[in-house]
**Student:** 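Please read through the structure below; I'll follow up with questions.
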Amino acid sequence: MNKIGQDINLASKYIINGDIVVFPTETVYGIGADATNKEAVDKIFEAKKRPADNPLIVHVCDLDMLNKVASDIGEIEKKLIGKFWPGPLSIIFKSKKCIPLNVTAGLGSVAVRMPDNTIALELIKVSNKPIAAPSANISSRPSGTCIEDIYDELESTVSYFIDGGNSKVGIESTVVRVIDGVVNVLRPGKISIEDILKVTDKVIMDDKCLNKVNDNEQVLSPGMKHRHYAPNTKCIAISSLEHNNIVNKINEIIENSINNITVMVTSDNIDKIIKNSNVNIIDLGNDLDEVSTKLFSSLRKLDKLNSDICYIQGFELYGLGTGIMNRIIRACNYEIIYV
Ligand code: TXA
Ligand code: MG
């Protein structure tokens, strides 16, 4: 664990030198590189085994830096920035020439955000570079929300890890693009549709945020097509408009199964689950904020339990619940039982 520390000056030397560094943000950890250095950005794609058609988010520490990487910043975008930055909202702009094609996957647009984390902001500022950073994990795996979860899979390729403790939000930023005056949510997160409605009433969520995308379908964000957040253990979500139905269904499955089962439910449901010897329970916490914080590390914990299958409690598609369900549905490879 000798590459882990809290030395921002050292980390920024690696960034300036064209190397890659894992650093904390308020959402999840990122693997960062100088967003203006093509070769450095290539190292991120190699470390993550990330498909080249999936563009990266560029992190900035102030509006001057935003103006260096993006152009045509409209009134609605300015309102979103005023309300939500620094914070977990990535906005897609027209890209400027200093951003190489591997960051944008050649789309001509660039996703930018200003993270609400002092270490991240300091790293960008000291490096004096916009930092391109996807979530810190091997592609398709759950995102890293603490160093311990990701150190082993990234240690051989990453120069330095800044330890900032557990990520506060726990799921990645909301990604939006303003098209013809309408805010299109391309990935739901902590900044919910309900939050954005406080800025403008013209908001829609792309239907591909919660539905499977077919190979031949066009998408506004390449990430919608890729496999995400997948533990090695098979997962199925159990959803219902009636909270009690979920526990009843899980208990029915437990009673009729010889499989080793893990269930992931909120704290209020723990006592209601049948405690058979073949059943492990992972507590997702008391409320949506806690579920969001614990979700990715719970998916990683699951793989250490050697279960045949895992059933995950579904959540209402409202507020942060929508962002959580976007992640759960993908972790379950779109297998959901509605009861
Ligand atoms: O919270 C976050 O956003 C974290 C932290 C590290 O900031 N980063 C993150 O990056 O989640 P990543 O690479 O795991 O997800 C970025 C998403 C992908 O789904 C990608 O397709 C989309 O943003 N994206 C990036 N640039 C885009 C663009 N120009 N147009 C459309 N979608 C874009
Ligand atoms: Mg990711």
Side-chain angles (χ1 to χ4, degrees), residues 20-33 35 41 44-45 47-61 69-71 84-96 99-117 119-121 123-124 130-145 150 153-154 162 164 167-179 184-191 206 208-209 213 218-230 292 296 299 323 326-327 330-331:
I20 59 176
V21 162
V22 164
F23 67 101
T25 81
E26 80 282 32
T27 56
V28 299
Y29 276 79
I31 310 182
V41 171
I44 297 178
F45 281 89
K48 270 188 75 104
K49 303 185 179 73
R50 182 179 176 103
D53 68 352
N54 199 7
L56 307 181
I57 293 172
V58 172
H59 298 68
V60 299
C61 61
V69 301
S71 66
F84 299 116
W85 281 14
L89 181 73
S90 297
I91 307 175
I92 298 175
F93 301 101
K94 194 166 172 221
S95 176
K96 280 198 175 163
I99 299 299
L101 293 179
N102 56 354
V103 172
T104 62
L107 293 175
S109 60
V110 62
V112 186
R113 82 180 193 95
M114 191 189 291
D116 184 16
N117 176 287
I119 296 175
L121 290 172
L123 178 67
I124 302 164
I131 294 185
S135 53
N137 53 276
I138 299 291
S139 268
S140 88
R141 299 276 297 144
S143 306
T145 51
I150 47 177
E153 67 189 46
L154 296 174
I162 311 180
S167 309
K168 207 171 59 185
V169 175
I171 62 171
E172 308 87 340
S173 61
T174 306
V175 177
V176 299
R177 177 169 192 164
V178 180
I179 303 172
N184 285 245
V185 175
L186 306 183
R187 180 175 71 182
K190 168 80 177 164
I191 309 284
D206 195 301
K208 296 178 184 70
C209 290
V213 182
Q218 292 284 332
V219 287
L220 283 171
S221 178
M224 290 169 163
K225 285 208 160 187
H226 295 111
R227 184 86 171 94
H228 280 302
Y229 321 123
S292 156
F296 287 139
L299 291 170
N326 167 280
R327 305 323 188 267
R330 282 170 172 72

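Numbering of ligands and ligand atoms starts at 1, following listing order.
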**Student:** Tell me, which protein residue and heavy-atom name are nearest atom 9 (C) of ligand 1, and how many Å apart are they?
**Tutor:**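 Checked against all protein heavy atoms, atom 9 (C) of ligand 1 sits closest to S135 N, 3.6 Å.
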**Student:** Side chain or backbone, does Y29 bring an N or O within less than 3.5 Å of an N or O on ligand 1?
**Tutor:**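 Y29 vs ligand 1: no N/O contact under 3.5 Å.
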**Student:** Should G223 be counted as touching ligand 1, given the test is an N or O pair under 3.5 Å?
**Tutor:**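 So ligand 1 has an N or O lying under 3.5 Å from an N or O of G223.
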**Student:** Taking only Lys NZ, Arg NE, NH1 and NH2, and the carboxylate oxygens of Asp or Glu, determine whether E153 and K48 approach each other closer than 4.0 Å.
**Tutor:**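 So E153 does not pair with K48 through a salt bridge.
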**Student:** Considering only NZ, NE, NH1 and NH2 on the basic side and carboxylate oxygens on the acidic side, decide whether E172 and R327 come within less than 4.0 Å.
**Tutor:** yes
**Student:** Please identify which atoms of ligand 1 are closer than 4.0 Å to at least one heavy atom of H59.
**Tutor:** 5 (C), 6 (C), 7 (O)
**Student:** Below 4.0 Å, non-hydrogen atoms only: which portion of R187 touches ligand 1? Side chain, backbone, both or neither.
**Tutor:**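 For R187, the contact with ligand 1 is made by the side chain alone.
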**Student:** Ring centres under 6.0 Å, that's the criterion: do Y29 and F23 meet it?
**Tutor:**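 Aromatic pair excluded; centres sit 6.0 Å or further apart.
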**Student:** Considering both backbone and side-chain atoms of H228, is one of its nitrogen or oxygen atoms within less than 3.5 Å of a nitrogen or oxygen in ligand 1?
**Tutor:** no
**Student:** Within less than 2.8 Å, report the number of protein N/O/S atoms around the Mg ion (ligand 2).
**Tutor:**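 Total protein N/O/S atoms under 2.8 Å from the Mg ion (ligand 2): 1.
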**Student:** Among I138, L56, I44, find the one that has a side chain to side chain contact (heavy atoms under 4.5 Å, CB included) with R50.
**Tutor:** L56
**Student:** Show the atoms of ligand 1 that are less than 4.0 angstrom away from any heavy atom in R113.
**Tutor:** 1 (O), 2 (C), 3 (O), 5 (C), 7 (O)
**Student:** In ligand 1, which numbered atoms sit nearer than 4.0 Å to a non-hydrogen atom of N54?
**Tutor:**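 This gives 18 (C), 20 (C), 21 (O) as the contact atoms.
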**Student:** Picking from I191, D206, V185, what satisfies side chain to side chain contact (heavy atoms under 4.5 Å, CB included) with V176?
**Tutor:** V185
